Amino acid sequence: MDLLAEHHLQGTSAVFYIPNFISEDEEQYLLRKIKDSPKQKWKMLNNRRLQLWGGEVLQKNILFRQEFPAFLNDFPDVLGRLRLLGAFNQSPHKGPNHVILNEYHPGQGIMPHEDGPSYHPVVATISLGSHTIFHYYRYNKDKDSLSVDPGSTRMGRSVNPAPSLSLFLEPRSVVVTTGELYTTHLHGIDEVDADTFTGDGFLLLPNGSHSQIVNRHMIKDETVVRMIESGGTVERTTRYSLTCRDVEKVASGRVAGVVNRT
Ligand SMILES: O=C(O)CCC(=O)C(=O)O
Ligand SMILES: [Fe+2]
């Protein structure tokens, strides 16, 4: 984790934020490749669409591999860059073997959730095209209480609606989450068109309360930093995220249409 260490987010056990992990030219290239990808690759969900790369995690949390497209491990070698960073040094395959591409138009987000047991507890999330605000949440202490929205949690435990940590993710940045923020917290993105800051680092949440942006001293875009410190609104545009993880169990043997590789 040496290269990562200088990007450690103070006050967290193990969150790392790296602005400009992807160059502007690489971002344009990746966005073009995403737009040119076959329509049938998209999986439609209620509030967004996504693509799975590297294979699919099927029964028993096992990954059935498929080759990555060249723009993830050839040019630009996003996956190799994550390996060099050391983010996956402790993971079974020493690098990500699975990537989810999520598309969010303004007003779209993702409910608080955990990523589940298939993955080694490290996730690297790259943002392309637009910023977003990424919240981490805790479960409430009362294990027996029912969730207000049971669909958003595992086991029907209630989630504390006040984020325990809020990050501003710039386009082209990567955030690496490990440790207890991965294993015991949830994460989510509010379904809003824009993000309004009220000064001193505080973000106005949809329920009228506030949450402070904890990585504001690490943000490179000075216009954004001024808004976060003095107040203002940043409109969201379409964001693509690459959620890169290592699935611990990988199927050996050949499956129809799936490349045999461990
Ligand atoms: O888009 C993001 O940044 C988060 C995506 C996510 O949490 C997931 O795919 O599990
Ligand atoms: Fe997630």
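For ligands, and for the atoms within them, numbers begin at 1 and follow the listed sequence. Since we're looking at a predicted model, the values are computed, not measured.
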**Student:** Does the side chain of Asp221 come under 3.5 Å of the side chain of His131 through a donor N or O and an acceptor N or O?
**Tutor:**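 Not at all, the side chains of Asp221 and His131 share no donor-acceptor pair under 3.5 Å.
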**Student:** Does only the side chain of Ile189 get under 4.0 Å from ligand 1, or the backbone, or both, or neither? Count heavy atoms.
**Tutor:**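 Answer for Ile189: side chain.
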**Student:** For His187, take its heavy atoms, then give the atoms of ligand 1 lying under 4.0 Å from any of them.
**Tutor:**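 Listed by number with element: 7 (O).
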**Student:** Take a 6.0 Å sphere around NZ of Lys33 and say whether it holds more than 12 heavy atoms from other residues, nucleotides or ligands.
**Tutor:**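 It does not: Lys33 NZ has 12 such atoms or fewer within range.
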**Student:** Applying side-chain hydrogen bond (donor to acceptor under 3.5 Å, both in side chains), run through Asn140 and Arg157 and close with a yes or a no.
**Tutor:** CA-CA 7 Å; Asn140 281 321; Arg157 291 166 65 190; over 6 Å; no
**Student:** Within ligand 1, which atoms have a heavy atom of Tyr104 less than 4.0 Å away?
**Tutor:**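 Listed by number with element, the hits are 1 (O), 2 (C), 4 (C), 5 (C).
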**Student:** With heavy-atom distances below 4.0 Å as the criterion, list the atoms of ligand 1 near Ser241.
**Tutor:**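 Answer for ligand 1: 1 (O), 2 (C), 3 (O).
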**Student:** Hey, is the main chain of Ser209 close enough, under 3.5 Å, to the side chain of Asn207 for a donor-acceptor pair?
**Tutor:**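 Between the backbone of Ser209 and the side chain of Asn207 there is a qualifying donor-acceptor contact (under 3.5 Å).
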**Student:** Does one hydrophobic cluster hold both Val175 and Leu85, with members joined at side-chain heavy-atom distances below 4.5 Å?
**Tutor:**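 In one cluster with Val175: Leu85, no.
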**Student:** Do His120 and Glu248 have side-chain N/O donor and acceptor atoms under 3.5 Å apart?
**Tutor:**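 Yes - a donor-acceptor pair under 3.5 Å links their side chains.
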**Student:** Quick check: are there more than 12 heavy atoms from other residues, nucleotides or ligands sitting under 6.0 Å from NZ of Lys43?
**Tutor:**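 No, not enclosed.
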**Student:** Is there a salt bridge (Lys or Arg N to Asp or Glu O under 4.0 Å) between Arg172 and Glu27 once you walk through the steps?
**Tutor:** CA-CA 7 Å; Arg172 300 182 300 285; Glu27 180 186 38; 3.0 Å; yes
**Student:** Taking His185 for the side chain and Glu180 for the main chain, is one N or O donor matched with an acceptor at less than 3.5 Å?
**Tutor:**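 Looks like yes, one N/O pair under 3.5 Å.
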**Student:** Between Val78 and Leu30, what is the shortest heavy-atom contact and its length?
**Tutor:**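 Closest approach of Val78 to Leu30, heavy atoms only: CG2-CD1, 4.3 Å.
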**Student:** Going by the atom numbers of ligand 1, which of them fall below 4.0 Å from some non-hydrogen atom of Thr243?
**Tutor:**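 Every atom of ligand 1 under 4.0 Å from some heavy atom of Thr243: 5 (C), 9 (O).
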**Student:** Is there at least one pair of N or O atoms, one from Arg48 and one from ligand 1, spaced under 3.5 Å apart?
**Tutor:**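 Min N/O separation from ligand 1 is not below 3.5 Å for Arg48.
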**Student:** I'd like to check which ligand 1 atoms, numbered from 1 as shown, lie under 4.0 Å from a non-hydrogen atom of Thr125.
**Tutor:**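 Those atoms are 3 (O).
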**Student:** Test your reading of the model: is there a side-chain donor-acceptor pair from Ser173 to the backbone of Leu169, 3.5 Å cut-off?
**Tutor:**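 It does not hold such a pair.
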**Student:** Using a strict 4.0 Å threshold on nitrogen-to-oxygen distance, state whether Glu229 and Arg216 make a salt bridge.
**Tutor:**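 Judged by the 4.0 Å cut-off on N to carboxylate O distance, Glu229 and Arg216 do form a salt bridge.
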**Student:** Is ligand 1 under 4.0 Å from a heavy atom in the side chain of Leu169, in the backbone, in both, or in neither?
**Tutor:**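 No part of Leu169 comes within reach of ligand 1.
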**Student:** For atom 3 (O) of ligand 1, what is the nearest protein heavy atom, given as residue, atom name and distance?
**Tutor:**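 Protein heavy atom at minimum distance: Arg239 NH2, 2.9 Å.
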**Student:** Could you find the nearest protein heavy atom to atom 9 (O) of ligand 1 and give me its residue, atom name and distance?
**Tutor:**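 Atom 9 (O) of ligand 1 sits closest to the protein heavy atom Asn102 ND2, 3.0 Å.
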**Student:** When you measure from atom 8 (C) of ligand 1 to every protein heavy atom, which one gives the shortest distance, and what is it?
**Tutor:**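 Its nearest protein heavy-atom neighbour is His113 NE2, 3.8 Å.
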**Student:** Work out how many protein N, O or S atoms lie closer to the Fe ion (ligand 2) than 2.8 Å.
**Tutor:**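 If we list every protein N, O or S atom nearer than 2.8 Å to the Fe ion (ligand 2), we get 3.
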**Student:** What part of Leu50 sits under 4.0 Å from ligand 1 if we count only heavy atoms: the side chain, the backbone, both or neither?
**Tutor:**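 No part of Leu50 comes within reach of ligand 1.
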